[in-house]
Amino acid sequence: MQDGIMDAYLARIGATRPERPDLKGLRHLMERHLLSVPFENLDYHLGEEIFMDERVLEKIVTKNRGGGCYEVNPALSFLLTSLGYEVDILPGWVHRPGGLLGPFQGHLALRVKADGGDRLVDVGFGRNSRFPLDLSSRETQQDPHGEYRIHDAGDGVVDVYLNGRPLYRVADRPVRIEDFAPTLWWYRTSPDSSFLQALFCSIRTPDGLVTLKGNTQISSVAGQERAKRTLGSEEESFEAYRTYFGIDLEKLPEEPAGGVTAGVRTE
């Protein structure tokens, strides 16, 4: 990554360049990323192309956008690598109410070495931790987003749990970003794709979460306070994208036929 785009990336997420590639710096970068870059799938409903390589940096850094795991996690990996971190791409599978569903390599996460240990870094799931998780620990790991725990599933595979419920499974077998091309195609084309079944934009706040589903249903969590309301016009929807997520759209994404509550969980 060129120094110019790296500096712009740090400015985009309001982060300070770490003095060295250590755990303290990694925690800072991950938190700032989650509080600045939305987890969203707008381009799936705007007919725009999805990039996983360094072209995604234009979307995240220059256009002030977010994305799904295939976008925001690779983007963060480019930044971390440029800052001296050793980063691997790990394949994952998502736990649904009916079990492990979706395609092979349906999720993309990062393994980052810091202070002599392997850390799970994920800014593209919606219910991921705010800070890196210790991949070697099987104890409960406290985080502002809840209690996380890593369980062995055998053959170098682990399940990530949040508050006692499984989120996703990760294989400790590094792959290349381009290996996800077939599943990206599946997410872009399959009627079973959760990214096509739902339209969402969500961002973490210091004490909660703001989510806009289907251009119209906006909900927020701030500590113990919860609120939800329905937007009544396109103007309100455009303003919500600008106000809560810093996204200035030329047109609204098309809402999926299945309704705004289907598909990916962001809370």
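The closest donor-acceptor contact from the side chain of Asn73 to the backbone of Val123 lies under 3.5 Å. A donor-acceptor contact shorter than 3.5 Å is absent between the side chain of Asp152 and the backbone of Gly154. Using modelled atom types, no side-chain atom of Glu58 and backbone atom of Arg55 make a donor-acceptor pair closer than 3.5 Å. Using modelled atom types, one side-chain atom of His28 and one backbone atom of Thr16 make a donor-acceptor pair closer than 3.5 Å. Between the side chain of Arg204 and the main chain of Gly126, a donor-acceptor pair closer than 3.5 Å is present. Here the side chain of Asn41 pairs a donor or acceptor atom with the backbone of Ala198 at under 3.5 angstrom.
In terms of heavy-atom proximity, Ile150 sits nearest to Arg138 at O-CD, 2.9 Å. Nearest heavy-atom pair, Trp186 versus Asp192, reported as atom, atom and distance to 0.1 Å: CH2-O, 3.7 Å. Listed here is the closest heavy atom pair of Asp143 and Arg130: OD2-N, 2.9 Å. Summarising the geometry of Ser129 relative to Met30, their closest heavy-atom pair is O-CE, 3.2 Å, with the distance given to 0.1 Å. Of all heavy-atom pairs between Ile60 and Gly66, the closest is CD1-O, 3.5 Å. The minimum heavy-atom distance between Leu231 and Asn215, with the atom names listed, is CD1-O, 3.6 Å.
Taking OG of Ser237 as the start and CZ of Arg242 as the end, the distance is 10.5 Å to the nearest 0.5 Å. Atoms SG and CD1, on Cys201 and Ile247 in that order, are 4.0 Å from each other to the nearest 0.5 Å. Taken to the nearest 0.5 Å, the CG atom of Leu184 stands 12.0 Å off from the CD1 atom of Ile177. Considering CG of Leu199 and CG of Leu42, their distance stands at 6.0 Å, rounded to 0.5 Å. The CG atom of Asp179 sits 9.0 Å away from atom CE of Met52, with the distance rounded to the nearest 0.5 Å. We find the CZ-CZ distance between Arg119 and Arg27 to be 9.5 Å, quoted to the nearest 0.5 Å.
Between Tyr85 and Lys113, the closest side-chain pair of non-hydrogen atoms is not below 4.5 Å. Side-chain contact check for Val175 versus Leu90: every heavy-atom pair is 4.5 Å or farther apart. Within the 4.5 Å cutoff, the side chain of Phe78 has heavy atoms near those of the Glu54 side chain. Counting only heavy atoms from C-beta outward, the side chains of Leu110 and Asp88 never approach each other to under 4.5 Å. Between Leu209 and Ile203 there is no side-chain heavy-atom pair separated by less than 4.5 Å. Side-chain contact between His107 and Cys69 is present, with at least one heavy-atom pair separated by less than 4.5 Å. Under the 4.5 Å side-chain criterion, counting only non-hydrogen atoms from C-beta, Arg111 is in contact with Pro174. Side chains of Thr205 and Val210 form a contact here, defined as non-hydrogen atoms less than 4.5 Å apart.
Gln141 and Glu147 share no side-chain donor-acceptor pair at under 3.5 Å. Side-chain contact, Asn128 with His145: no donor N or O sits under 3.5 Å from an acceptor N or O. At a cut-off of 3.5 Å, with distance as the only test, a side-chain donor of Asp122 or Tyr168 sits close to an acceptor on the other residue. Side chains of Tyr148 and Asn163: no donor on one and acceptor on the other come within 3.5 Å. His95 and Tyr161 are not linked by any side-chain donor-acceptor pair at a separation below 3.5 angstrom, with hydrogens and angles left out of the test. Thr243 and Glu239 are linked by a side-chain donor-acceptor pair at a separation below 3.5 angstrom, with hydrogens and angles left out of the test.
We find that Lys24 and Asp115 are not joined by a salt bridge, their nearest charged nitrogen and carboxylate oxygen being 4.0 Å or further apart. Salt-bridge check for Arg149 with Asp159: failed, with every basic side-chain N at 4.0 Å or more from each acidic carboxylate O. Ionic pairing of Lys63 and Asp248 is not present here: no N-O contact between side-chain nitrogen and carboxylate oxygen is shorter than 4.0 angstrom.
Aromatic ring centroids of Phe200 and Phe39 lie under 6.0 Å apart. Less than 6.0 angstrom separates the ring centroid of Tyr9 from the ring centroid of His33. A ring-centre distance under 6.0 Å is not found for Tyr44 and Tyr187.
Shown are Phe180, Phe195, Phe51; of these, the ring-ring contact (aromatic ring centres under 6.0 Å, His included) with Tyr70 is made only by Phe180.
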Open item on the list: For Thr211 and Tyr244: C-alpha separation, side-chain torsions, deciding distance, then whether side-chain hydrogen bond (donor to acceptor under 3.5 Å, both in side chains) applies.
Closed with: CA-CA 9 Å; Thr211 301; Tyr244 296 106; over 6 Å; no

